[in-house]
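Shown next, in structure tokens, is the structure this report addresses.
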Amino acid sequence: MSNVQHPPLKQASVGLGLRREMLDEFCQHVPPAINFFEVAPENWMTLGGKFARQFRQLTEQHRFFCHGLSLSIGSPEALDTQFIKQIKQFLDSHNIEVYSEHLSYCSGTGHMYDLMPIPFTDEAVIHTAQRINQVEDVLERPFILENVSFYAAPGAQMSEQAFVNAVLQEADCKLLLDVNNIYVNAINHQYDASAFLAAMPSDRIAYLHIAGHYEEAADLMVDTHGADVIDPVWALLQQCYQLHGVHPTLLERDFNIPKTEVLLNEINQIHQYQQAALCGTK
């Protein structure tokens with residue numbers, strides 16, 4: 001287990017999703033504008049050799065968040081407790097306190113390798129909240145839940161907004177608020193992104209995600225994390241800071257990844273919006 005202690009993370013801080021192709025560069029130098037990194041534990045916990053050594057170097061020198069991919073919190077199948085224990089071992093080993101996952105599921109009788117929408121029902125609220133509490137008991141950490149993009153809502157008995165808030169309340173857990181997902185869903189399902197944002201509980205927000213997406217058609221956005229952030233999403237982020245206060249914000253970029261100096265343009269833009277919001281509250 002790592003004994004390295006990092007100083008408290010400021011609310012006005014900006015992170016970047018770490019990819020393996022970034023390791024060589026960031027083991028030499030991490031730009032000061034990058035205040036933390038985020039990784040999917042599934043992509044790193046079984047690595048050995050050079051990658052493992054480089055990852056250890058970075059986790060000892062910098063703050064890390066973990067954002068899981070395959071916990072399948074809404075699945076009808078039993079939780080994979082052995083997998084959760086492996087996640088805990090990984091978090092403990094690298095002194096990572098922040099763990100988040102998607103409000104979705106990706107397994108049933110088999111693994112689907114995609115994030116599927118949980119039916120927006122009262123039964124699903126109770127089922128998901130109970131599983132969140134089970135995971136927290138094993139991880140010995142708060143569970144942080146992310147609002148997800150979705151393209152169909154089978155069996156819905158309430159709105160996405162009502163469902164997200166109900167799960168957060170029932171589970172008494174924190175929220176990873178993905179600003180781009182709000183925009184994508186608002187276009188695809190024809191609701192008011194600003195109204196959805198305003199309805200999120202400020203006191204439950206742990207941190208934020210922002211990313212780019214792909215415009216398949218005027219009324220169909222695909223959440224890809226493979227493009228630059230567009231102006232309406234930037235505007236929604238600024239509104240988020242105004243409504244809910246400044247929170248640590250992570251830039252997601254999963255493919256079509258430009259050089260670091262290009263990524264820093266968006267990272268610094270987040271910093272600017274955070275500082276503007278803080279100055280506006282004084």
Side-chain angles (χ1 to χ4, degrees), residues 2 4 6-23 25-27 30-47 51-52 54-71 73 87-88 90-104 115 135 139 141-149 173-181 205-213 223-226 229 233 237 240 246-258 260 263-264 266-271 274:
S2 171
V4 176
H6 300 294
L9 185 67
K10 296 179 180 179
Q11 293 299 93
S13 55
V14 184
L16 179 67
L18 181 70
R19 315 297 295 182
R20 291 184 198 177
E21 55 265 39
M22 300 173 178
L23 285 172
E25 175 186 358
F26 288 152
C27 281
V30 174
I34 301 174
N35 306 128
F36 66 97
F37 291 108
E38 183 187 78
V39 294
E42 294 90 336
N43 293 337
W44 297 85
M45 54 199 287
T46 59
L47 291 179
F51 286 151
Q54 288 179 314
F55 185 72
R56 171 71 63 183
Q57 176 186 329
L58 287 175
T59 60
E60 289 182 347
Q61 296 173 349
H62 304 278
R63 187 179 302 276
F64 272 71
F65 292 2
C66 273
H67 183 49
L69 296 172
S70 53
L71 180 64
I73 196 65
I87 293 285
K88 174 177 167 50
F90 177 79
L91 296 174
D92 288 346
S93 173
H94 293 282
N95 196 30
I96 298 172
E97 289 301 318
V98 174
Y99 175 75
S100 62
E101 251 285 1
H102 303 80
L103 182 54
S104 62
L115 299 175
V135 174
L139 292 184
R141 287 166 174 78
F143 190 101
I144 304 171
L145 199 62
E146 182 188 32
N147 59 298
V148 298
S149 58
C173 68
K174 291 291 188 178
L175 171 65
L176 162 52
L177 187 58
D178 191 307
V179 175
N180 183 64
N181 285 351
I205 298 173
Y207 70 111
L208 309 176
H209 272 180
I210 191 167
H213 58 267
D223 182 31
T224 61
H225 307 164
V229 180
V233 177
L237 178 66
C240 184
V246 173
H247 294 275
T249 303
L250 182 104
L251 176 66
E252 291 186 290
R253 190 65 178 256
D254 292 344
F255 71 99
N256 292 333
I257 301 174
T260 300
L263 289 172
L264 284 173
E266 291 188 321
I267 288 170
N268 285 324
Q269 191 163 347
I270 299 170
H271 278 295
Q274 289 182 337

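Sequence positions, counted from 1, serve as the residue numbers for this chain.
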Query - Pro258: partners by side chain to side chain contact (heavy atoms under 4.5 Å, CB included), with sequence neighbours left out - result: Arg253, Val262, Leu263

Which side-chain N or O atoms in residues 37-46 pair as donor and acceptor under 3.5 Å with protein atoms at least two apart or in another chain?
| from | atom 1 | to | atom 2 | distance (Å) |
| --- | --- | --- | --- | --- |
| Glu38 | OE1 | His209 | NE2 | 3.1 |
| Glu38 | OE2 | Tyr207 | OH | 2.6 |
| Glu38 | OE2 | His209 | NE2 | 2.9 |
| Glu42 | OE1 | Leu69 | N | 3.4 |
| Glu42 | OE2 | Leu69 | N | 2.9 |
| Glu42 | OE2 | Ser70 | N | 2.8 |
| Glu42 | OE2 | Ser70 | OG | 2.9 |

Query raised in the report: Got Ser93 and Arg56 here, is their nearest side-chain heavy-atom distance under 4.5 Å?
Result: yes

Query raised in the report: Can you list the residues that meet the salt bridge (charged side-chain N to carboxylate O under 4.0 Å, His left out) rule with Lys174, with sequence neighbours excluded?
Result: none

Report summary line: Arg19 meets the salt bridge (charged side-chain N to carboxylate O under 4.0 Å, His left out) criterion, sequence neighbours left out, with Asp254

Report task. Could I get the full list of side chain to side chain contact (heavy atoms under 4.5 Å, CB included) partners for Gln269, not counting sequence neighbours? Result -> Trp234, Tyr273

Query raised in the report: How would you list, by chain and number, every residue that makes a side chain to side chain donor-acceptor pair (under 3.5 Å) with Glu25, sequence neighbours excluded?
Result: Thr260

Query raised in the report: With side chains defined as the heavy atoms from C-beta onward, is the minimum distance between Met22 and Leu16 less than 4.5 Å?
Result: yes

Query - Heavy-atom side-chain proximity of Val14 to Gln274 below 4.5 angstrom - result: yes

Query raised in the report: Less than 6.0 Å separating the ring centroids of His94 and Phe55?
Result: yes

Query raised in the report: Taking C-beta and beyond as the side chain, do Glu252 and Leu250 meet within less than 4.5 Å on heavy atoms?
Result: yes

Query raised in the report: Taking the six-membered ring for Trp, is the centroid-to-centroid distance between His67 and His102 below 6.0 Å?
Result: yes

